[in-house]
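Read through the structure below, which is laid out as structure tokens, and then see the notes.
Treat the numbers as computed from the prediction; the structure is a model and nothing was measured. Atom set for the values below is all heavy atoms of this structure, side chains included, hydrogens, waters and symmetry mates excluded. Counting starts at 1 for both ligands and their atoms, following the listed order.
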Amino acid sequence: MSLQYLLNYSQYFSESGLKVNMAFKAIITYGCLGALAAAVALNQEQTNGLSMLGTLAAPQVPQFLAGSSSATEYPWGKKNASNAHPYKEAPITGVTRHYQFVVSRAQLAPDGYQKNMMLVNGQFPGPLIQANWGDYIEVKVTNNIDGPEEGTSLHWHGLLQTATPWYDGTPSVQQCPIAPKATFTYRFRADQYGTSWYHSHFSAQYTDGLFGPMIIHGPSSCDYDIDLGPDYFEVVKEKGALTLRQVESTDQSLWLSYSDNNLINGKMFFDCSTANDKRPCTNHAPVSKFKFQKGKSHRLRLINAGAEGQQFFSIDGHELTVIANDFVSIKPYKTKTVFLGVGQRTDVVVQANGRAKSAYWMRSNISTLCNLPHQPQALAQVYYDGADTASQPSSQPWPYTDNGQCSNDDLALTTPTYAISPDPHPARTFTITLDNIVNGTGHREWRLNHQRFQGDFNNALLLQTHQRNHTYLPEWNVVEAGEAKTIRLIVNNNSTVAHPMHIHGHQLSVLHEGPGFYTNQPLTNPSNPQRRDTQMLRPGGHIVVQYEADNPGVWPFHCHIAWHLSLGLYMNIVERPDDIAALQIPDAVAKTCRDWNEYTAQTVVDQIDSGLAVKV
Ligand SMILES: *[C@@H]1O[C@H](CO)[C@@H](O)[C@H](O)[C@H]1NC(C)=O
Ligand SMILES: *[C@@H]1O[C@H](CO)[C@@H](O)[C@H](O)[C@H]1NC(C)=O
Ligand SMILES: *[C@@H]1O[C@H](CO)[C@@H](O)[C@H](O)[C@H]1NC(C)=O
Ligand SMILES: *[C@@H]1O[C@H](CO)[C@@H](O)[C@H](O)[C@H]1NC(C)=O
Ligand SMILES: *[C@@H]1O[C@H](CO)[C@@H](O)[C@H](O)[C@H]1NC(C)=O
Ligand SMILES: CC(=O)N[C@H]1CO[C@H](CO)[C@@H](O)[C@@H]1O
Ligand SMILES: [Cu+2]
């Protein structure tokens, strides 16, 4: 670690009001990276339950699934990444992919430190959902969470849910939580193609491991030989969630939340000497391993599934060709490092042109200028065919300096392969301030549009709007866009922290981003701007995003950092209420509310956060 690095790090803490000496904690944890010696390692079941992800035995992903056409012909025929509208021209395949998910508690030690987790089918990360573009996906979710019981709800990140806005999976918005012992079946179209993930949208659950990858096979802007499948990073808090005392405190050093480790595909090691309780811990958890075939090109599907943590991803000695951001195919460009905020995905193709039979480190570093990690560095090992997979790589990282902007790659670099020109005169423009205040009773609040969000699990906004009932409590933070055809959001960040802003039900055309509040600067690539479902908002900066209101529903727009979401950084946008009233919503959706109301009539549910992220 260079001196420069350390100085920047300290400076960040001073700016956010933290004690500078906290920066030195990171140095201690860094020491443990040197201790990556071969030693008694935990087995796969102890670290990841029934998942094989992160091992050399993890199955490769095919280019598409058989079922709707012959095995040699693409199910999407001659549609490609530049000639077919990516949201409106999904092929009609007539195929449904069925999944059965049982959600339950478990104890695993992904990085050596035993954690109470919540899993799908006993796997961490959860099972891979795969479909071809245009297929339907049907997921039957059974809530077996017990000891104690809890509700649950799954969100299919980035999918548009066109014509099925009730299956988006946000409790208090499109449904009530799935009650303990109850089952709810989601059925929605694979309406876009590329890489994404699903995760619980109920309180603490996704930070406890309740998430998994979702791959939708479709055209690609670049050919490749081998699909290595999902490549996750996520941060974990080993030392337990924030206490209520911490949340209520106005002392930032108590209130800001540290992450404790950073994992790739659910694996990393941990320095047990930093643990502060007596749960079982070993320093020798294995890291993820990947196979490369010399001379072949490999597609990696990067997913930032973290609770916080903007990440820099790289592979020593290998360049990355970026081919997609979120569900959007882009014109390929080369880079050594790619930046992902929480909730974002980037697909890269890597040419295996390293030395035969050699090994390299794959790295995902949390930006220490933009986040508060105790241990920012995640490592994984890449082995060429014939390499000794018991040996450690000795490769060196690309030189890299974090500029501390906490922003995605320059918008001018990222051009979608299918151009969509947003209307220069949107019907509605909402200018929204994002800020962070201490309220009248001394509580910390994260706010969008001057309001902290707090959901009501016993009510679903889509269902009440369907009844033409537009009486919304202020804390539900509802913005009514009426029948407007295009919606522009200008978000000014009046806080010193970066936020990955995510929308449901749409892709955002990102028309501008930068430092300071927006002052009508000319738009970037106005005829074909970058589109994505999650866009970084810099500290003190702004984003200008726009979408076509072609999807009647109640759509969340929120920061994807779990601790911020938990303290209210969230709003709902009601889109085309007249069309919502005409929707034919299956009764199973309203039944989630009847079941939840019945359950909560007998049990007191302790909902002390916004309901949507971290239980504090
Ligand atoms: C997509 O197909 C069109 C023909 O419809 C062709 O001109 C174009 O080069 C193709 N683009 C890609 C990225 O394959
Ligand atoms: C990741 O961290 C390592 C160790 O601090 C550093 O050498 C490397 O340059 C970093 N890479 C990126 C892309 O941030
Ligand atoms: C401040 O926030 C807390 C926690 O959200 C809430 O319980 C309290 O009512 C708020 N106080 C005011 C004055 O809004
Ligand atoms: C409308 O919704 C509000 C909030 O959920 C509820 O309190 C009220 O009873 C509803 N009104 C009618 C007429 O159902
Ligand atoms: C931003 O926050 C500062 C206090 O930190 C406040 O004085 C200012 O009015 C805020 N600006 C906006 C646009 O809300
Ligand atoms: C975080 C940030 O940039 N805050 C600034 C927001 O704007 C006000 C003026 O309206 C400045 O005083 C803050 O420093
Ligand atoms: Cu945030």
Side-chain angles (χ1 to χ4, degrees), residues 63 73-74 76-86 89 91 133 171-176 193-194 203 218-224 242-250 255 299 321-324 328-333 347 349 415-419 435-478 480 528 554 563-570 572 574 577 580-581 589-590 592-594 596-597 600 606-616:
Q63 301 236 343
E73 202 181 297
Y74 288 132
W76 48 91
K78 295 202 161 29
K79 292 179 198 279
N80 70 26
S82 49
N83 72 1
H85 195 297
E89 291 180 39
W133 187 27
S172 87
V173 182
Q174 298 99 0
Q175 65 171 95
C176 292
Y193 53 87
S203 199
S220 160
S221 64
C222 176
D223 290 336
Y224 53 89
L242 287 175
T243 64
L244 190 57
R245 189 180 66 83
Q246 284 172 313
V247 170
E248 290 188 335
S249 169
T250 53
W255 167 70
R299 178 178 185 157
T321 301
V322 179
I323 62 168
V328 179
S329 247
I330 61 166
K331 293 187 180 148
Y333 71 93
D347 288 46
V349 173
T415 319
T417 50
Y418 186 90
D435 61 7
N436 156 15
I437 61 151
V438 176
N439 75 10
T441 48
H443 298 77
R444 182 67 61 177
E445 297 184 346
W446 276 108
R447 307 189 308 178
L448 264 185
N449 215 16
H450 306 296
Q451 176 67 46
R452 168 202 207 259
F453 169 78
Q454 169 87 45
D456 177 1
F457 280 172
N458 293 91
N459 185 41
L461 296 174
L462 180 68
L463 300 183
Q464 86 161 69
T465 308
H466 181 243
Q467 308 286 314
R468 294 190 182 277
N469 178 346
H470 295 222
T471 307
Y472 308 112
L473 293 186
E475 70 219 45
W476 300 342
N477 210 7
V478 172
E480 300 187 71
N528 183 20
V554 181
W563 339 133
H564 297 173
L565 178 52
S566 162
L567 297 185
L569 201 31
Y570 174 103
N572 290 297
V574 178
I580 292 176
V589 182
T592 61
C593 293
R594 296 196 295 273
W596 185 254
N597 289 338
T600 53
D606 190 14
Q607 188 194 328
I608 56 180
D609 70 346
S610 70
L612 299 184
V614 186
K615 181 151 64 187
V616 289

Query raised in the report: Does ligand 3 have any atom that is closer than 4.0 Å to a heavy atom of Arg452?
Result: yes
Report summary line: ligand 4 to Thr471, heavy atom cutoff 4.0 Å, flagged ligand atoms 2 (O), 3 (C), 4 (C)
Query raised in the report: Looking at Asn459, which atoms of ligand 4 are within less than 4.0 Å of one of its heavy atoms?
Result: 5 (O)
Report summary line: Looking only at protein heavy atoms, what sits closest to atom 9 (O) of ligand 4 is Asn469 ND2, 4.7 Å
Requested in this report: Note the single closest protein heavy atom to atom 5 (O) of ligand 4, along with its residue, its atom name and the distance in Å.
Outcome: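 Answer, as residue, atom name and distance: Gln464 OE1, 2.9 Å.
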Quick one, [X] and [Y] - any side-chain contact, counting heavy atoms below 4.5 Å?
{"X": "Ser82", "Y": "Tyr418", "value": "no"}
{"X": "Pro474", "Y": "Gln451", "value": "yes"}
{"X": "Leu461", "Y": "Trp476", "value": "yes"}

Report task. Using a strict 4.0 Å cut-off to heavy atoms of Ser82, name the atoms of ligand 1 that fall inside it. Result ->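 Listed by number with element, the hits are 1 (C), 10 (C), 11 (N), 12 (C), 13 (C).
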**Report entry** Region of Glu445 that comes within reach of ligand 3 [heavy atoms, distance under 4.0 Å]
**Finding:**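 It is the side chain that touches ligand 3; the backbone stays farther off.
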Query raised in the report: Heavy-atom distance from atom 14 (O) of ligand 4 to the protein below 4.0 Å?
Result: yes
Query raised in the report: With atoms numbered from 1 as shown, which atoms in ligand 3 lie under 4.0 angstrom from a non-hydrogen atom of Asn439?
Result: 1 (C), 2 (O), 3 (C), 8 (C), 10 (C), 11 (N), 12 (C), 14 (O)
Query raised in the report: Among Asn83, Asn80, Thr417, whose heavy atom sits nearest atom 8 (C) of ligand 1?
Result: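 The residue whose heavy atom sits nearest atom 8 (C) of ligand 1 is Asn80.
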